[in-house]
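Report on one structure; see the data block that follows.
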There are 2 protein chains.
Amino acid sequence: MSKTYEYPRPALTVDIVVFALDEEDLQVMLIQRDLAPFEGRWALPGGFVRVDESLEEAGRRELEEETGLKDIYLEQLYTFGEVTRDPRERVVTVAYYALVNLAGHDIHASSDARNAAWFSLNDLPELAFDHDQILATAHTRLRGKVRYQPIGFELLPRKFTLRQLQHVYEIILGRPLDKRNFRKKVLSTGLIVPLEEIEQDVAHRAARLYQFDNRKYARLSKQGFHFEI
Amino acid sequence: MSKTYEYPRPALTVDIVVFALDEEDLQVMLIQRDLAPFEGRWALPGGFVRVDESLEEAGRRELEEETGLKDIYLEQLYTFGEVTRDPRERVVTVAYYALVNLAGHDIHASSDARNAAWFSLNDLPELAFDHDQILATAHTRLRGKVRYQPIGFELLPRKFTLRQLQHVYEIILGRPLDKRNFRKKVLSTGLIVPLEEIEQDVAHRAARLYQFDNRKYARLSKQGFHFEI
DNA sequence: CCACAATAGTGTCAGTGAAACACTAAGGGG
DNA sequence: CCCCTTAGTGTTTCACTGACACTATTGTGG
């Protein structure tokens with residue numbers, strides 16, 4: 001299986017920043033390393049790109065192998081290629097970020113028996129390699145992107161209340177939003193459709209459930225529509 | 001110099017989309033290939049990443065080797081890694097885009113004796129590999145980015161008239177802008193400072209020259225300032 | 001069953017920014 | 001000196017943003 005090349009090549013990996021949301025704040029999925037270097041440190045899930053799979057395929061495969069997550073929103077973030085970012089040898093990594101809703105997915109211990117866990121962005125352990133930098137880049141991108149692309153929905157279940165949606169935006173943007181203005185703006189896009197359903201098992205007036213209209217968004221996007229919160 | 005690895009590795013390259021502007025439209029720098037595959041076809045400048053240089057260093061090195069361009073605005077675009085994008089073997093490429101002003105740089109034939117030339121985006125030859133896709137991605141990014149980051153200046157000489165600046169925006173955005181509104185908006189940022197100088201050798205009333213205040217922009221950026229046209 | 005607690009849901013007004021719009025000023029060329 | 005070309009300048013209208021407070025509904029507990 002070994003292979004010889006005329007010139008030395010950097011190793012190529014993918015790393016994935018998986019974001020989720022709980023009541024309090026943004027969470028990120030980390031894996032505890034069981035090998036040197038950085039043994040015992042927490043790191044982003046990821047691994048080597050095989051020669052017969054695309055970068056995104058590699059990202060999805062590694063994510064499922066290490067955390068059990070699949071069928072999630074995944075987008076390329078940036079490629080990190082500083083010469084010394086890995087102490088062993090030259091490693092270039094293509095970073096992706098992913099958004100999941102905590103309720104919809106089981107996160108299980110990885111197949112490699114490594115430890116996988118969610119961490120609040122406000123309470124992170126020290127990370128291996130340059131993963132703190134990758135994470136910071138992902139966080140910045142998320143904050144920027146959420147304002148002009150409808151990706152907030154990826155962090156929620158398919159049916160959600162406007163309160164939940166506002167909460168998503170408040171946590172990502174890091175500031176409170178006005179309820180009435182938020183509802184006006186969101187509904188005025190026509191992309192959030194009300195359902196004939198209300199939330200269940202709450203100890204107060206139940207809120208109406210809404211759903212994001214993906215097809216309408218796809219149609220509008222092609223016409224140069226510009227979503228904005 | 002050859003090297004053996006336990007597992008096969010994709011080759012890693014960088015490709016650069018260099019934009020410039022003439023009176024009419026956006027131009028891109030292409031190189032005519034003198035080797036198979038796609039011999040004789042036009043392609044983006046680029047080449048292999050060495051193990052002892054970062055990705056951006058590789059991009060700048062290749063660009064200077066192949067086109068003579070240096071000290072220009074360069075930013076990472078996207079990493080393309082489809083399995084079959086190169087017919088020879090698995091090649092992953094980190095794409096960058098660059099902005100230059102035509103007047104300020106000499107573009108010379110490459111050291112590899114390959115042919116380098118500017119092409120209008122509206123009149124492109126067929127490109128090698130997936131370079132048409134890379135170019136399209138770069139064009140989209142440029143159009144998006146120009147609206148909320150002051151990169152339009154990179155396409156102009158250091159001293160420019162407001163007419164020239166408006167022209168840059170009109171060509172990138174692909175639509176005419178109102179002269180008075182444009183001037184108001186641009187000047188209201190305080191980042192474009194008037195000089196005690198006017199343009200020379202024009203057959204009509206000469207316009208005042210302006211200059212972008214990089215230091216002020218850097219200062220404002222840190223404070224979360226949001227440039228927008 | 002009634003009072004309370006908790007969240008859902010709704011409209012207006014003021015201020016700000018965006019877009020539309022046309023004329024006078026300056027300078028070179030013939 | 002007339003003409004051509006581009007520079008340079010303000011106002012008004014309209015739409016959108018942000019600030020702001022009360023009533024409605026439902027479950028809980030005494």
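Protein chains get the first letters and strands the later ones, always in sequence-line order, with residue 1 at the start of each.
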To the nearest Å, how far apart are [X] [atom1] and [N] [atom2]?
| X | N | atom1 | atom2 | answer |
| --- | --- | --- | --- | --- |
| Phe182(B) | dG10(D) | CZ | P | 18 Å |
| Asp178(B) | dT11(D) | CG | P | 16 Å |
| Arg183(A) | dA8(C) | CZ | P | 7 Å |
| His167(B) | dA7(D) | NE2 | C1' | 17 Å |
| Ile198(B) | dA25(C) | CD1 | P | 18 Å |
| Glu199(B) | dG28(C) | CD | P | 11 Å |
| Lys185(B) | dG8(D) | NZ | C1' | 19 Å |
| Leu165(A) | dG9(C) | CG | P | 13 Å |

Throw together a table of side-chain donor-acceptor distances under 3.5 angstrom for residues 200-208 of chain B, partners on residues two or more places apart or in other chains.
residue: Gln200(B); atom: NE2; partner: Ile198(B); partner atom: O; Å: 3.1
residue: Arg208(B); atom: NH1; partner: Leu195(B); partner atom: O; Å: 2.6

**Report entry** Whichever of Leu162(B) and Lys184(B) has its nearest DNA chain D nucleotide further upstream toward 5'
**Finding:**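 It is Leu162(B) whose nearest nucleotide is closer to the 5' end.
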Query - Lys179(A) (side chain) and dT7(C) (base): donor-acceptor pair under 3.5 Å - result: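 Flag unset: no donor-acceptor pair detected.
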What donor-acceptor contacts under 3.5 angstrom involve side-chain atoms of residues 125-136 of chain B, with partners at least two apart or in another chain?
residue: Asp130(B); atom: OD1; partner: Arg85(B); partner atom: NE; Å: 3.3
residue: Asp130(B); atom: OD1; partner: Arg85(B); partner atom: NH2; Å: 3.0
residue: Asp130(B); atom: OD2; partner: Arg85(B); partner atom: NE; Å: 2.7
residue: His131(B); atom: ND1; partner: Leu44(B); partner atom: N; Å: 3.0

Query raised in the report: Between Arg163(B) and dA7(D), is there a side-chain N or O to OP1/OP2 distance below 4.0 Å?
Result: yes
Report task. Give a yes/no on whether any side-chain N or O of Arg180(A) is located under 4.0 angstrom from OP1 or OP2 of dG9(C). Result ->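 Arg180(A) to dG9(C) OP1/OP2: no side-chain N or O under 4.0 Å.
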Report task. Strictly below 4.0 Å, heavy-atom distances to any atom of DNA chain D: list the hits from residues 203-213 of chain A, or just say none. Result -> Ala203(A), His204(A), Arg205(A)
**Report entry** Charged N-O contact under 4.0 Å between Arg60(B) and Glu64(B)
**Finding:**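 Here Arg60(B) does not pair with Glu64(B) in a salt bridge, since their nearest N and O are not under 4.0 Å apart.
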Report task. Salt-bridge test for Glu57(B) and Arg61(B): reply yes if a basic N is under 4.0 Å from a carboxylate O, no otherwise. Result ->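 Judged by the 4.0 Å cut-off on N to carboxylate O distance, Glu57(B) and Arg61(B) do not form a salt bridge.
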Query raised in the report: With distance as the sole test, does Glu170(B) use its side chain to make a donor-acceptor pair with the main-chain N or O of Leu177(B) at under 3.5 Å?
Result: yes
Report summary line: Rounded to the nearest 0.5 angstrom, the CD-OG1 distance for Glu199(B) and Thr161(B) is 5.5 Å
Report task. Test Phe19(B) against every option in Leu99(B), Ile151(B), Val100(B) by the side-chain contact (heavy atoms from CB on, under 4.5 Å) rule and name the one that passes. Result -> Leu99(B)
